[in-house]
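Mind looking over this structure? Questions follow.
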Amino acid sequence: MSRPSPHNTEDRAAGLSEQQETLRLRAEQSLQALAPETASDDMAPDSQRLLHELQVHQIELEMQNEELLASRAEAEELLASYQELYDFAPVAYFTLDPAGKILQANLTAARLLGLERICLIQRRLGAFVAQQDLPILNALLQRVFDGQPRSHCECRLADPDQLPWQTLHVEATLRPDGNCCHVVATDITPLKTQQRQLEQMALYDPVTKLPNRVLLADRLQQAMTQCQRGGRSLAVAYLDLDGFKAVNDRHGHILGDQLLLALAQRMQATLRKGDTLARIGGDEFVAVLVDLGQAQDCTPLLQRLLQAAAAPTVISDCTLQVSASIGVTLYPQDAADADQLLRHADQAMYQAKQAGRNRYHLFDLHHHDALRSQSARIAEICSGLRRGEFELHYQPKVNLRTGAVVGAEALIRWRHPERGLLPPASFLHLLENHSNSEEICDWVLGTALEQMNAWQDAGHEIPVSVNISAFQLQQDSFVPKLTQRLAAAANGSQHLLEIEVLETSALENMAKVATMMRDCHALGVRFALDDFGTGYSSLTYLRHLPADLLKIDRSFVAGMLDDADDRAIVESVISLARAFQREVIAEGVETPAHGALLLEMGCEMAQGYAIARPMPGADMPAWITQWRSSWATRQQAWPARC
């Protein structure tokens, strides 16, 4: 059974006192009624009754008096107990008036504030609170006395000698009469200390004590906002130490961490107030240089960072020296978000490393935009391929002397949904030396082989030449993939496939290309050197590359009628082909006069607009039939020497 509270005991004692007073008055009235008579056996019945009532009242009065005395003793005991609990409670209790003066305080409150309890009475609680937190406490008391029954806040005690300052959680409750409030103050300094330690771990690098990536992101975002408001600029400098890995490998991670700490302190000292230096991992740092009027304003700061990083450092009798490569981008000139600014600075840092290290490189926004535009266009090309927007057209190759159709060159076209039919010159250059060119080349090979099979099924055996990029040629997977493609060809099209290799593409790795060509020869595939004469090692190619055919570049063929040099080059290529026992074909034959001159110089095979423009594969059989039927008439229309 729970003990009654002090207030209940006091109320009960007061009630017993009232009852006692009532019984006393009734007893006096009974005595007055008996006064004229003597208490004897011959009393009247009424007198005897009154005397009996008096005796009963006296007994009740004595019993209630004993109960009252017991209740008062219990109340005093409870009051003493509650006073002890109040004084020695683990939290500080105050009673304040509307002015914030202390009316009552327990011993814990006195110990917390460092004074005797008597010395606290009538002093303002705000006198013991840190000046910067005093408005917080005053606002709390104002809210409570304005009618908010309960409110709380956090504030620190005014004790600058103690680090960290004691922090209190203060909760105020208005008393029912509204004349004062009760305040409970709890010391949460250990909790705040632990919170600061957790923040230190979450926001700061444990080795250098610099801000980490999380805090850097917050500060960079704040700096960008200030730039927008003030019309100023900032620089994001991405710094990577040159040679730090060698120090770590040679001397160990402990000494490496000491070097990082020394460098961090030295670089931090070169920056201004408001700038941020952060370590984002390994030997990588980022500096945010704020409040720049012009781009060149960051140059002295970057130079000081380079000097600080490159200066020798003595640790444990070891003299260590590294350097730094820094990539820099400027905001808002580089109007990117915070993450992109870091990526741009990182890209510029790699440019600094490639340029020789121990230097900084400014991010080139226009070059980046060009690369980004190229990446977007490459992605569009790949999407178009997957959507089936590409197709192959075929330009016939003929023997100018006999009129025989000797093959066709497969030329890719992009049927763009908005720009119409696009030639290869408008998009293929974007894929040069790009991994996505492999996907395009694989599609071209597969489509060409399917078309040859379809022609064979229709009774036409037409060799097809396919252009292969330099990047594709030097992939180890090229020959195995081609082998699979040829094996899957239903009509055995190996001997009908010819691969055209740009003369300049073979220059990069001639030995590898020669080996690949021999492997393809074993599969029955022929090779042609395309644009022959435009490279720098034509004779070397003829000696080392097992090409079956030389293809004279169209630029020489187009000018040979009027330019003696072009004509001499064409004659030289034809002579080389004859000397090395290679076939030769001329591309770019635009008029019958070009064809007649080629025949005169000994080149019989040709292709060009004078013969036919590129056409869809389905149109080739009809064109061949028409070409053969009109060959005799066409011969007569050409110059006599043809």
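What's counted below: heavy atoms across the whole structure, side chains too, no hydrogens, waters or symmetry copies.
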*Ignoring hydrogens and geometry, is there a side-chain-to-backbone donor-acceptor pair from Gln321 to Ala310 under 3.5 Å?*
yes
*For residues 294-308, pull every pair meeting salt bridge (charged side-chain N to carboxylate O under 4.0 Å, His left out), keeping only residues two or more places apart or in separate chains.*
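Listed by first then second residue: nothing to list.
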*So which heavy atom on Phe145 is nearest to which on Leu96, and how close?*
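Looks like CZ-O, 3.9 Å.
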*Identify which one of Asp146, Leu140, Leu141 satisfies the side chain to side chain contact (heavy atoms under 4.5 Å, CB included) criterion when paired with Arg143.*
Leu140
*Less than 4.0 Å between a side-chain N and a carboxylate O, is that true for Asp218 and Arg213?*
no
*Using a strict 4.0 Å threshold on nitrogen-to-oxygen distance, state whether Arg387 and Glu380 make a salt bridge.*
no
*Determine, step by step, whether Asp187 and Leu157 satisfy the side-chain contact (heavy atoms from CB on, under 4.5 Å) criterion, reporting the C-alpha distance in whole Å, the side-chain angles of both residues, the deciding distance to 0.1 Å, and the verdict.*
CA-CA 10 Å; Asp187 185 2; Leu157 293 182; over 6 Å; no
*With the threshold set at 4.0 Å, does a side-chain nitrogen-carboxylate oxygen contact exist between Glu171 and Arg150?*
yes
*Can Arg111 and Glu116 be said to form a salt bridge (charged side-chain N to carboxylate O under 4.0 Å, His left out), step by step?*
CA-CA 8 Å; Arg111 285 195 299 270; Glu116 294 290 336; over 6 Å; no
*Are any side-chain N or O atoms of Thr483 and backbone N or O atoms of Val479, one a donor and one an acceptor, separated by less than 3.5 Å?*
yes
*Those residues that, when tested against Asp240, pass salt bridge (charged side-chain N to carboxylate O under 4.0 Å, His left out) (two or more places apart)*: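 Checked Asp240 against salt bridge (charged side-chain N to carboxylate O under 4.0 Å, His left out); matches are Lys353.
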*With side chains defined as the heavy atoms from C-beta onward, is the minimum distance between Phe94 and Asn106 less than 4.5 Å?*
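Result no, sub-4.5 Å side-chain heavy-atom pair not found.
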_Could you check whether any side-chain heavy atom of Asp530 comes within less than 4.5 Å of a side-chain heavy atom of Val501, counting everything from C-beta outward?_
no
*Which pair of non-hydrogen atoms, one from Cys180 and one from Leu174, has the smallest distance, and what is that distance?*
O-CD1, 3.7 Å
*Please lay out, stage by stage, how Asp249 and Lys245 fare under the test salt bridge (charged side-chain N to carboxylate O under 4.0 Å, His left out).*
CA-CA 6 Å; Asp249 293 343; Lys245 183 178 183 300; 2.9 Å; yes
*Sequence neighbours excluded, which residues qualify as salt bridge (charged side-chain N to carboxylate O under 4.0 Å, His left out) partners of Asp291?*
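Expected list: Arg232.
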*Check salt bridge (charged side-chain N to carboxylate O under 4.0 Å, His left out) between Arg229 and all other residues, then give those that pass, not counting sequence neighbours.*
none
*Sub-3.5 Å donor-acceptor pair from the side chain of Asn467 to the main-chain atoms of Ile499, do we have one?*
no
*Does NE2 in His169 sit with more than 12 non-hydrogen atoms of other residues, nucleotides or ligands closer than 6.0 Å?*
yes
*asked:* Please list all pairs meeting salt bridge (charged side-chain N to carboxylate O under 4.0 Å, His left out) that have one or both residues in residues 320-332, counting only residues at least two apart or in different chains.
replied: none
*asked:* Testing the basics here: between Ala324 and Leu306, what is the closest heavy-atom pair and its distance to 0.1 Å?
replied: O-CD2, 3.4 Å
*Please lay out, stage by stage, how Lys512 and Asp476 fare under the test salt bridge (charged side-chain N to carboxylate O under 4.0 Å, His left out).*
CA-CA 10 Å; Lys512 185 172 184 178; Asp476 294 334; 3.1 Å; yes
*Take the angle between the ring planes of His521 and Phe527 and call it parallel below 30°, perpendicular above 60°, tilted in between.*
perpendicular
_To the nearest 0.5 Å, what is the distance between CD1 on Ile121 and CG on Leu115?_
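Those atoms lie 11.0 Å apart.
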*Within-4.5 Å side-chain heavy-atom neighbours: Leu210 and Gln265*: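 Answer no - side chains too far apart.
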*Could you grab the distance from atom CG of Leu305 to atom SG of Cys298, nearest 0.5 Å is fine?*
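Answer for the CG-SG pair, Leu305 versus Cys298, is 10.0 Å.
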*Show your working on side-chain contact (heavy atoms from CB on, under 4.5 Å) between Val184 and Thr173 and close with a plain yes or no.*
CA-CA 9 Å; Val184 180; Thr173 305; over 6 Å; no
*Would you say the side chain of Glu284 lies within less than 4.5 Å of the side chain of Leu239, judging by non-hydrogen atoms?*
no
*asked:* I need the minimum non-hydrogen distance between Ala309 and Leu263, along with the two atoms involved.
replied: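 The answer is O-CD2, 3.8 Å.
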*Okay, side chain of Asp133, backbone of Arg156: is any donor-acceptor separation there less than 3.5 Å?*
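It does hold such a pair.
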*Atom CG in Asp205, atom CZ in Arg279: separation rounded to 0.5 Å?*
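If I round to the nearest 0.5 Å, the distance is 4.5 Å.
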*From Leu215 atom CG to Arg219 atom CZ, the distance as rounded to the nearest 0.5 Å*: 4.5 Å
*Is there side-chain contact between Tyr331 and Gln228, with heavy atoms separated by less than 4.5 Å?*
yes
_Separation between CD of Gln294 and CG of Leu330, rounded to the nearest 0.5 Å_ =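 Answer rounded to 0.5 Å: 11.5 Å.
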*Out of curiosity, Ser325 OG to Asp242 CG, how far, rounded to the nearest 0.5 Å?*
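Atom-to-atom, Ser325:OG and Asp242:CG are 3.5 Å apart.
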*Answer whether the closest heavy-atom distance between the side chains of Met224 and Leu341 falls below 4.5 Å.*
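SC-SC contact between Met224 and Leu341 confirmed.
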*Could you check if a side-chain atom of His251 sits within less than 4.5 angstrom of a side-chain atom of Leu320, using non-hydrogen atoms only?*
yes
*Residue pair Thr95 / His182, side-chain donor-acceptor N/O under 3.5 Å*: yes
*Hey, is CD on Gln296 packed in by over 12 heavy atoms from elsewhere, all under 6.0 Å?*
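Yes, enclosed.
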*Does the pair Tyr238 and Ile280 meet the rule for a side-chain contact (heavy atoms from CB on, under 4.5 Å), with working shown?*
CA-CA 10 Å; Tyr238 199 110; Ile280 60 174; 3.4 Å; yes
_For Asp275, salt bridge (charged side-chain N to carboxylate O under 4.0 Å, His left out) partners two or more places apart_ =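 Arg272.
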*Any side-chain heavy atom of Leu289 within less than 4.5 Å of one from Leu271?*
yes
_Pair Leu445-Ile468, side-chain contact (heavy atoms from CB on, under 4.5 Å): steps then yes or no_ = CA-CA 9 Å; Leu445 275 173; Ile468 298 298; 4.3 Å; yes
_Which label fits Phe390 and Phe427: parallel for a plane angle under 30°, tilted from 30 to 60°, or perpendicular past 60°?_
perpendicular
*Just by modelled atom types, is the Ser323 backbone N or O under 3.5 Å from a matching donor or acceptor in the Arg357 side chain?*
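No; judged by distance alone, with no hydrogens or angles, the pair does not exist.
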_Between Arg266 (side chain only) and Ala308 (backbone N and O only), is there a donor and an acceptor less than 3.5 Å apart?_
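Such a contact is found between Arg266 side chain and Ala308 backbone.
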_Please determine whether the number of non-hydrogen atoms from other residues, nucleotides or ligands lying under 6.0 Å from atom CZ of Arg518 exceeds 12._
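Buried by this count: over 12 neighbours within 6.0 Å.
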